[in-house]
Structures are given as C-alpha cells and as structure tokens.
Amino acid sequence: METPISVNEKKEFVRWFLNHYQLKKRESVWILNYLMNHESLLSSVCFVEDVKLCPRGMEITAQGVKDPPFRFYKGQVMTNDAEKSFHDLRMNQDEPIYIQMNFENAHQCSMYALVLEENPYLPKDHYVNESDREEAEHVLSISLLAFKKQQLEKEIDESLQSGDQSRFRRLAEALKDVNEALKYTQVE
C-alpha cells in the first residue's frame with residue numbers, strides 16, 4: 001500500500017512549482033496560494049493525471065505547454081471559470097479535489113513525482129492503445145489455436161487407438177484447418 005502524501009510535501013511542491021513556473025492564468029496562482037495556506041483543504045488534494053475522469057478536479061497549466069490554461073471538472077460539468085472553482089473549493093472543503101499540473105517535462109520532474117498519486121478513477125485499460133490491444137488479440141488467437149491443435153492431436157491419437165476411422169477423418173480435417181489458421185496468424 002502506498003504511503004499517503006503529507007500536507008507538508010504537498011505544500012513544498014506547490015511552493016516549488018510557483019517559484020519555478022509562470023502560469024497561463026493568474027487565478028491559478030491565487031488558488032494554489034490559497035491551498036498552500038489552508039492545510040485542512042490541502043489534505044483533501046490529490047495530484048493525479050487525467051483529472052477529467054475524477055468527480056471533482058482541476059487542471060492547472062504553466063506557460064510553455066499546449067494544454068488549456070485552466071479547467072475545473074465537477075461531475076459531468078467542465079468550466080474554464082477559475083472563480084467558480086475557487087468558490088467550490090471554499091464551499092466544499094471536505095470533498096477530495098484532484099489536481100493535474102500541466103507543465104514542461106512534468107513526467108520527468110522528481111518534485112512532481114513525489115506528490116503524484118495514482119488516479120483511482122482511471123479505467124484499468126486507460127493507457128492501452130489500439131496497437132497494444134491488437135497485439136494482445138493476436139497473441140490470444142495464436143494461443144487458442146495452439147491449444148486447439150494440442151487437443152485435436154490428443155483426440156486423433158485416441159481415435160487411432162480405438163480404431164474409429166470416421167472420427168479420425170473428421171478430427172484430421174479439423175486439425176488441417178487449425179494448422180492453416182495457425183500458419184495464417186503467424187504470417188501477419
């Protein structure tokens with residue numbers, strides 16, 4: 001189990017971030033300063049990726065990256081209005097708030113890595129792309145065909161031992177089809 005990120009670690013990160021990055025929207029600076037000065041609220045903050053999938057989240061962006069300057073998500077609603085989100089923060093201090101920080105080289109930043117938590121709202125296969133999915137299906141197809149081939153060979157042996165020629169012919173034909181399919185799938 002992961003150790004929870006302390007309020008001091010979050011505060012240290014926010015302070016570091018504000019000292020090193022210029023934000024696209026000045027209201028974002030106000031929000032981060034507000035969080036830093038309200039420890040009870042900061043304890044409800046989780047820094048995550050893909051915040052739009054969270055029930056209540058905020059996307060804050062620094063200069064130098066293409067992401068939108070600011071976004072606030074609550075349920076199915078998204079707004080660019082930082083004042084509305086600030087009001088929501090103040091009024092719902094006990095609710096968890098998930099924050100995504102967009103800045104240059106964020107994925108290589110050790111300070112961000114120290115406070116970044118796993119997003120509990122991400123579907124298990126969120127990062128699987130179409131290429132990965134196709135590769136997995138291909139491997140599964142080959143495995144299933146190889147298993148079917150093994151089963152057929154076993155049944156063919158049994159039919160030979162029992163002298164059941166019609167079963168043997170039927171199974172041999174099925175084995176021929178499986179071998180063709182295997183040859184086809186391995187060529188892809």
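Only this structure's heavy atoms are used, side chains among them; waters, hydrogens and symmetry mates stay out.
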Worksheet item: Who pairs with L160 by side chain to side chain contact (heavy atoms under 4.5 Å, CB included), at least two apart in sequence or on another chain?
Response: I156, F168
Discussion item. Ignoring hydrogens, what is the shortest heavy-atom contact between S28 and P69? Give both atom names and the distance.
Written reply: OG-O, 4.3 Å
Item to complete: Can you run down the salt bridge (Lys or Arg N to Asp or Glu O under 4.0 Å) pairs that involve residues 6-18, sequence neighbours left out, and say none if there aren't any?
Response: K11-E39
Item to complete: Using side chain to side chain contact (heavy atoms under 4.5 Å, CB included) as the criterion, list what pairs up with E27, not counting sequence neighbours.
Response: K25, W30, A82
Practice prompt. Would you list the pairs meeting salt bridge (Lys or Arg N to Asp or Glu O under 4.0 Å) in which at least one residue belongs to residues 150-159, sequence neighbours left out?
Written response: E155-R167, E158-R167
Worksheet item: Can you check whether V48 reaches C54 side chain to side chain, under 4.5 Å on heavy atoms?
Response: yes
Practice prompt. Could you note down all residue pairs passing salt bridge (Lys or Arg N to Asp or Glu O under 4.0 Å) where residues 69-93 supplies at least one of them, sequence neighbours left out?
Written response: R56-D88, K74-D88
Worksheet item: Got more than 12 heavy atoms from elsewhere within 6.0 Å of CG, D94?
Response: no
Item to complete: Using atom types as modelled and distance alone, determine if a side-chain donor or acceptor of Q100 lies under 3.5 Å from a backbone N or O of D50.
Response: yes
Discussion item. Just verifying a value: how many Å separate M36 CE and L42 CG, rounded to the nearest 0.5 Å?
Written reply: 9.0 Å
Worksheet item: Would you find more than 12 non-hydrogen atoms of other residues, nucleotides or ligands less than 6.0 Å from Q63 atom CD?
Response: yes
Worksheet item: V65, L23: one ILVMFWY side-chain cluster at the under-4.5 Å cut-off?
Response: no
Worksheet item: At what distance, to the nearest 0.5 angstrom, does OG of S166 lie from CG of L171?
Response: 9.0 Å
Discussion item. Assess the residue pair V178 and L152 against the criterion (side chain to side chain contact (heavy atoms under 4.5 Å, CB included)); give the C-alpha distance rounded to whole Å, side-chain angles, the decisive distance to 0.1 Å, and a yes or no.
Written reply: CA-CA 9 Å; V178 167; L152 285 169; 3.7 Å; yes
Discussion item. Just to verify, what does T61 make a side chain to side chain donor-acceptor pair (under 3.5 Å) with, not counting sequence neighbours?
Written reply: N102
Worksheet entry | Same apolar cluster (I L V M F W Y, side chains within < 4.5 Å links), Y34/I60 | yes
Worksheet item: Between atom CG of L145 and atom CG of L182, what is the distance when rounded to the nearest 0.5 Å?
Response: 4.5 Å
Practice prompt. Quick one: list whatever passes side chain to side chain contact (heavy atoms under 4.5 Å, CB included) with E173, sequence neighbours left out.
Written response: K176, D177
Fill in: Smallest separation among heavy atoms of V51 and G57, with atom names
CG2-CA, 3.5 Å
Worksheet, complete the sentence: Taken in chain and number order and not counting sequence neighbours, the residues that satisfy side chain to side chain contact (heavy atoms under 4.5 Å, CB included) with Q150 are F147
Item to complete: Measure across L122 and L53 and return the closest heavy-atom pair with its distance rounded to 0.1 Å.
Response: CD2-CD1, 3.2 Å
Worksheet entry | Any pair counted as ring-ring contact (aromatic ring centres under 6.0 Å, His included), so long as it reaches residues 87-111, sequence neighbours left out | F17-F103, Y21-F103, Y98-Y121, F103-Y112
Fill in: Under the side chain to side chain donor-acceptor pair (under 3.5 Å) test, residues paired with N119 that sit two or more places apart
none
Worksheet item: Which pairs with one or both residues in residues 98-114 pass salt bridge (Lys or Arg N to Asp or Glu O under 4.0 Å), sequence neighbours excluded?
Response: none
Item to complete: Rounded to the nearest 0.5 Å, what's the gap from NE2 on H38 to CG on N33? Could you check?
Response: 11.0 Å
Fill in: Selection residues 40-76 - residue pairs positive for ring-ring contact (aromatic ring centres under 6.0 Å, His included), sequence neighbours left out
F13-F47
Discussion item. Grouping I, L, V, M, F, W and Y whenever their side-chain heavy atoms are under 4.5 Å apart, do V45 and L114 come out in a common cluster?
Written reply: no
Fill in: From OG (S44) to CD1 (I97), nearest 0.5 Å
9.5 Å
Worksheet item: At what distance, to the nearest 0.5 angstrom, does CG of L89 lie from CD1 of I99?
Response: 7.0 Å
